[in-house]
Amino acid sequence: MNKDETKNTPALILNRQDYKEYDSLVTVYTPGFGKLTLLARGTKKTGSKLAGHIEPLTLADLMIISGKGFDYIGGVITRDAYLGIREDLNKLYYAGSAVGLFNRLTKENQGDERLFFLLLKWLEILNYFTDFKRENGELVLAFFTIKFLAELGYKPELYKCLECSEAISPGQNHFNLLSGGLVCDACYTKRRQEGSISGAELLTITDNCIKLMRFMADNRFKSAEKLKIDNKTLREINGLLDKYIIFHF
């Protein structure tokens, strides 16, 4: 942006931190410009007009003005404060986990409308989710993570063996964290005997976990409200996704 140039955009507030005596640095994600770090002036002063509109988990319309060190927020109007999330500590925890992951894995100044609207749609579902419990949180977080990784180019292969390309059958199967997909037991055994694969790369995966990952990859967030999943499978899928992210990021 040139000096004094302005741009207007919807933005989701991802993070806010104190900066100098009276100001804040705000991390936002926009559909056209991607992730931006912006200066919000005077937010720690009594009566600040900006402060209430730049809290994390806020969808807002921003006017952004170019600056020397940081571009800064010249004006802001809140679109949605997601009160259904803010008023539920369980929802707030899982929303924070998803937004934190989103912030960590996205890069600055790389606009992607698909990522923007993916996170917004997920937050809308979470906002209006009824009878929300911890088990629901584990489920919707895994749902978001799978969709998010797919948009980043890390969608796992869940139907065919990465080694032999044969359809995966129920039984003993494995997930290759490095390559991102399933390996049948026959190929796993062969590769281990050859010493051509590291045991650290592969996790044994249950049929229930495979079914759940397939469902999440192929269906919309809204369908999560109807799912009833046992805690063991939820722990398995979230543990697997955590390890998958560590391998690639």
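Residues passing the side-chain contact (heavy atoms from CB on, under 4.5 Å) test with P56, sequence neighbours excluded: R16. For R191, the salt bridge (charged side-chain N to carboxylate O under 4.0 Å, His left out) partners are E163, not counting sequence neighbours. For F148, the ring pair (Phe, Tyr, Trp, His ring centres under 6.0 Å) partners two or more places apart in sequence, or in a different chain, are F102, F144. The salt bridge (charged side-chain N to carboxylate O under 4.0 Å, His left out) test applied to K121 returns E124, not counting sequence neighbours. Applying the side-chain contact (heavy atoms from CB on, under 4.5 Å) rule to A224 yields the partners L139, V140, F143; only residues at least two apart in sequence or on another chain are considered. Every salt bridge (charged side-chain N to carboxylate O under 4.0 Å, His left out) that D112 has, sequence neighbours left out, goes to R114. For R235, the side-chain contact (heavy atoms from CB on, under 4.5 Å) test picks out N231, K232, with sequence neighbours left out. Annotation: side-chain contact (heavy atoms from CB on, under 4.5 Å) contacts of Q17 (sequence neighbours excluded): N15, L25. Checked against ring pair (Phe, Tyr, Trp, His ring centres under 6.0 Å), Y82 has no partners two or more places apart in sequence or in another chain.
One N or O on the side chain of K91 and one on the backbone of F129 form a donor-acceptor pair closer than 3.5 Å. Using modelled atom types, no side-chain atom of S48 and backbone atom of K45 make a donor-acceptor pair closer than 3.5 Å. Between the side chain of D207 and the main chain of G171, a donor-acceptor pair closer than 3.5 Å is present. Checked by atom type and distance alone, the side chain of S24 never pairs as donor or acceptor with a backbone atom of V26 at under 3.5 Å.
Applying the ring pair (Phe, Tyr, Trp, His ring centres under 6.0 Å) rule to pairs touching residues 6-25 yields Y19-F70, sequence neighbours excluded. For residues 32-42, the pairs satisfying side chain to side chain donor-acceptor pair (under 3.5 Å) are K35-N103, T37-E108, with sequence neighbours left out. Within the structure, ring pair (Phe, Tyr, Trp, His ring centres under 6.0 Å) contacts touching residues 149-183 (residues at least two apart or in different chains) are Y154-H248, Y154-F249, H174-Y188, F175-Y244.
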Full working for side-chain contact (heavy atoms from CB on, under 4.5 Å) between I245 and L101: CA-CA 10 Å; I245 289 168; L101 179 67; 3.9 Å; yes
Steps toward side-chain contact (heavy atoms from CB on, under 4.5 Å) verdict (L152, L105): CA-CA 9 Å; L152 292 176; L105 300 191; 4.0 Å; yes
Check against side-chain contact (heavy atoms from CB on, under 4.5 Å), L92 and L57: CA-CA 9 Å; L92 193 59; L57 287 176; 3.7 Å; yes
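N208 places none of its side-chain heavy atoms less than 4.5 Å from the side chain of I229. Taking 4.5 Å as the limit, some side-chain heavy atom of Q172 sits within range of a side-chain heavy atom of T204. Put simply, the side chain of I54 does not reach to within 4.5 Å of the side chain of L38, judged on heavy atoms. Residues L158 and I168 have side chains not in contact (no heavy-atom distance under 4.5 Å, counting atoms from C-beta outward).
By the criterion of side-chain heavy atoms lying less than 4.5 angstrom apart, applied directly or through intervening Ile, Leu, Val, Met, Phe, Trp or Tyr residues, F221 is not grouped with Y128; the two fall into different hydrophobic clusters.
Taking each heavy atom of K147 and M216 in turn, the nearest pair found is CE-O, 3.0 Å. Nearest heavy atom pair, residue V76 against residue A60, reads CG2-CB, 3.6 Å.
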